Amino acid sequence: MAMMSKTMDLIEGFVKEGSFKWVLSRKTSLDEEFEEMERSPSGKRKWIAELSPLANVIVGRCSRILDVSMDELQSNFEREASETIKSPANYARNFLEYSCLRALSLAAHITGHLADKAFRRLTFDMMLAWEIPSSSQSGVKVDADSTVCLEAFCRIAPAIPTIAEVITCSNLFDLLSSSTGNRLSFAIYDKYLAGLDRVIKKMKSQSESALLAGLRAERAEKILEIDGTLTTQPVLEHVGTSAWPGRLTLTDHALYFETLKVVTYDKPKAYELAEDLKQVIKPELTGPWGSRLFDKAVMYKSIKLSEPVFMEFPELTGHSRRDYWLAIMLEIFYAHRFIEKYNITGLEREETILKASLGILRLQALQDLPQSSNPILQYEILLMFNLCDKLPGGDSILETLANSISSRKKDKRGSHFYSLSPRAMLTNLGVVSGSEESTTDTLLVGDILVGGMSPLEKALRDSRVNYKKVELAQASVDGVKVDGLDTNLALMKELLYPVIEIGKMLLSLALWEDPIKSFFFCCFSTFIIIRGWIAYATIGLLLFMALFILLTKLTNQGRSIEELKVVAPPAMNTMEQLLAVQNAISQVEEFVQDGNIVLLKLRSLLMAVPSQATNMAILALAGTAICLALLPTRLITLMTFLEVFTRYSPPRRPSTERWTRRLREWWFSIPAAPVVVEREKEDKKKR
């Protein structure tokens, strides 16, 4: 700790004197720096043979930040790294990662590092060097217009929690590089970090303000977003049939709405996100007087509220404001559910909340980028807890994250250098107060493992592989959807054709249309039941289906599935479609009425309405119960099968018709239970 304190004092001194900016500056060209390293007699300017020229420059800068020579830095790596990490094939890249992550773990602790353009350039140059770390790549030209790839960004950027996070890193890169051919340029990267610095300072100023101070003080809540302060972008709260404009504020624990009065705001109403109140937060339709017209609102529902509350975000076109607020509200909500599920407490709990908060801040920084960049269409892919809720295997990612947090809590000194945490970052940026606690793990900075993949990265990789399969499957689903009720019915009929044919065949056997076939089927089924082979028959059927699928898979390798051809029904004009809909509604209504009559007659039987049918029902139920109690299951199954299957056989057909008529007459003799329909008076809710 003493050595760490001394190093931090030295770096702080560099900042005060302007020396730190000189360490990170690019006053000379890369070629001049190469020449300076080659002719410098100092140990700190040594040229390492395994590294490319650019990698040597970056390692030299890292050694100056760490205040050690390049020889000492290399010897530390040799001592701390495993043999796998030091293998010649990956030595250059792993040593470069080690140097960069060690330097970032110190340089990022400097107050206001995001505002320092030299720091931004340093992190970008580290990504450039990561792409060409080996001396065998010395011929690759690097200049001011060079860009970096996804892998380089995902290895360096997440080492600083404010810049990126492992789970959403690739999605962040895709958005930043969408206008530059999936290669990130320094110009866009610099604007992103500048915007991130602005939103962090904005959050700090808002959290230090008197806004909602009385409500936020107990839990030291930080304000993440405010909306509804501009007349051109109002926020409306719908409760029942009333709607009121006001100011909406999101903190890292709750949502607050203040109704707008003539000059000031009314007392804020709190909608909790941290406590488990069985909340439901989802997009919803709203409109005047409780109508459902516009898809621009978020519904909030909890056991504390007597009725749901709707927050509407009016805009002329689309619903991007609503989508943004829905995503950030759910991010805080999911973060607290994660904390509750895995029982995370203390500083680890605060850091988890800060992870969610930093994701929202990064989203705000991206919204401030120039309009030349592609607009954000899916806000949830940039927020880690939202993304884990949607990814296949997202629960495994969260479980791995919880295990990582738990392991750091148990072992805080297992490494040779300090790792970064969201709390440490925001402490040095002046957002979070309190002492900084260093948590460590072997060759691990944040969630980046030098020379390999951390458990979190492995879980994320597996999830993304499954997600690609789901995307392909979903694309096929979207491609086969057809419009029109009649066309969909025709498609369903074609898909169910084998089932329909099997049903027709069984019905034909049961009706004894071909007595010889029905007789042999009845004997075969009776033999299976008597021998007790029903379970074996079921097993054989399942094995036959599995074998059929396996053979189909082996014979169709490399071939696409044959398209199903469906004959579309004749097209209907508007009037015909309306008549078809009216006819369908009438049939559904008739079906519901018949169902209600059946239920009312059953209610009449249960309530023992005086009739002869009640006595027969009592005798039938008692007789059935006695049979089930005294007779073996196999015999009951056999008797049931023979009764049902031989009902329409030539010897039994006349008696079946006679008993069917008696049963129908018995059913018609049952009176329906009485019903009284009352109309409620509509009481309009007043506020």
Side-chain angles (χ1 to χ4, degrees), residues 114 153-154 157-158 160-179 184 188-207 221-228 233 235 248-255 273 281 283 298 311 313 315 318-336 338 351-391 394 397 422 425-426 429 431 460:
L114 286 179
F153 182 81
C154 290
I160 308 172
T162 47
I163 296 179
E165 199 279 328
V166 169
I167 297 176
T168 59
C169 187
S170 61
N171 294 331
L172 173 62
F173 179 87
D174 291 341
L175 189 66
L176 291 173
S177 61
S178 59
S179 60
L184 179 60
I188 294 178
Y189 177 73
D190 185 63
K191 291 176 182 177
Y192 163 64
L193 293 192
L196 188 56
D197 182 55
R198 285 195 300 271
V199 297
I200 290 176
K201 290 177 179 177
K202 177 184 175 183
M203 184 186 77
K204 178 184 176 183
S205 62
Q206 288 176 342
S207 298
E221 299 177 31
K222 300 168 189 64
I223 295 178
L224 301 176
E225 186 62 282
I226 301 174
D227 202 353
Q233 292 185 329
V235 176
L248 187 63
T249 304
L250 176 69
T251 72
D252 52 6
H253 285 77
L255 194 69
L273 298 175
I281 304 172
V298 175
M311 301 293 177
F313 302 88
E315 53 188 327
H319 41 75
S320 59
R321 283 181 68 206
R322 189 277 308 277
D323 294 344
Y324 167 71
W325 269 92
L326 175 64
I328 62 177
M329 288 166 62
L330 286 175
E331 183 71 2
I332 298 300
F333 176 68
Y334 289 150
H336 285 282
F338 170 77
E351 287 198 3
T352 303
I353 297 174
L354 288 174
K355 279 180 178 286
S357 301
L358 281 173
I360 295 173
L361 296 180
R362 285 192 288 268
L363 186 56
Q364 294 172 357
L366 288 170
Q367 289 182 310
D368 292 340
L369 287 178
Q371 295 300 318
S372 58
S373 300
N374 288 350
I376 304 173
L377 301 178
Q378 293 179 292
Y379 297 101
E380 61 272 9
I381 66 173
L382 299 169
L383 302 171
M384 61 178 292
F385 292 105
N386 271 273
L387 184 60
C388 288
D389 183 65
K390 298 183 180 301
L391 280 177
I397 298 175
M425 288 284 86
L426 293 183
L429 290 169
V431 176
L460 183 63

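What you see is a predicted model, and the numbers here were worked out from it, not measured in a lab.
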Ignoring hydrogens and geometry, is there a side-chain-to-backbone donor-acceptor pair from Glu315 to Gln233 under 3.5 Å? no
Can you find a pair of side-chain heavy atoms, one from Phe313 and one from Val298, that are under 4.5 Å apart? yes
Is there a side-chain contact between Asp227 and Arg321, using heavy atoms and a 4.5 Å cut-off? yes
When you measure from the side chain of Glu165 to the backbone of Met384, do you find a donor-acceptor pair of N or O atoms at a distance under 3.5 Å? no
How close do Ile167 and Leu387 get, heavy atom to heavy atom, and via which atoms? O-CD2, 3.6 Å
Any idea how Phe153 and Tyr189 line up, ring-wise: parallel (<30°), tilted (30 to 60°), or perpendicular (>60°)? perpendicular
Phe385/Thr352 under side-chain contact (heavy atoms from CB on, under 4.5 Å): CA gap, chis, key distance, verdict: CA-CA 10 Å; Phe385 292 105; Thr352 303; 3.8 Å; yes
Which pair of non-hydrogen atoms, one from Leu326 and one from Pro283, has the smallest distance, and what is that distance? CD2-CD, 3.6 Å
So do the side chains of Ile381 and Thr168 get within less than 4.5 Å of each other, counting heavy atoms only? no
Rounded to the nearest 0.5 Å, what separation is found between the CZ atom of Phe338 and the SG atom of Cys388? 8.5 Å
How close do Ile188 and Leu369 get, counting heavy atoms only, and between which atoms? O-CD2, 4.4 Å
Give, for atom CG of Leu358 and atom CD1 of Ile160, the distance between the pair rounded to the nearest 0.5 Å. 12.0 Å
Out of curiosity, Leu361 CG to Lys222 NZ, how far, rounded to the nearest 0.5 Å? 11.0 Å
Nearest heavy atoms of Ile226 and Trp325, plus distance in Å: C-CZ2, 4.1 Å
Does the Glu380 side chain pair with the main chain of Ala327, one donor and one acceptor, at a distance under 3.5 Å? no
Side-chain contact test, heavy atoms from C-beta onward, threshold under 4.5 Å: evaluate it for Ile360 versus Glu225 and give yes or no. no
Within this structure, what is the CD1-CD distance for the pair Ile223 and Gln206, rounded to the nearest 0.5 Å? 6.0 Å
Minimum heavy-atom distance between His253 and Ile332, given as atom pair plus value: N-CG2, 4.2 Å
Would you find a donor on one side and an acceptor on the other, under 3.5 Å apart, between the side chain of Tyr192 and the backbone of Ile163? yes
State whether the side chain of Gln364 and the backbone N or O of Leu224 hold a donor-acceptor pair below 3.5 Å, judged by distance alone. yes
When rounded to the nearest 0.5 Å, the distance separating CG of Asp174 from SG of Cys169 is 9.5 Å
Side-chain donor or acceptor of Asp252 paired with backbone N/O of Ile353 under 3.5 Å: no
Heavy-atom side-chain contact between Tyr379 and Leu330 under 4.5 Å: no
Check whether Asp197 reaches the backbone of Leu114 with its side chain - one donor and one acceptor, N or O, closer than 3.5 Å. no
For residues Leu383 and Glu331, report the shortest heavy-atom separation together with the two atoms involved. CB-OE1, 3.2 Å
What's the spacing between Leu193 CG and Arg362 CZ if we round to 0.5 Å? 11.5 Å
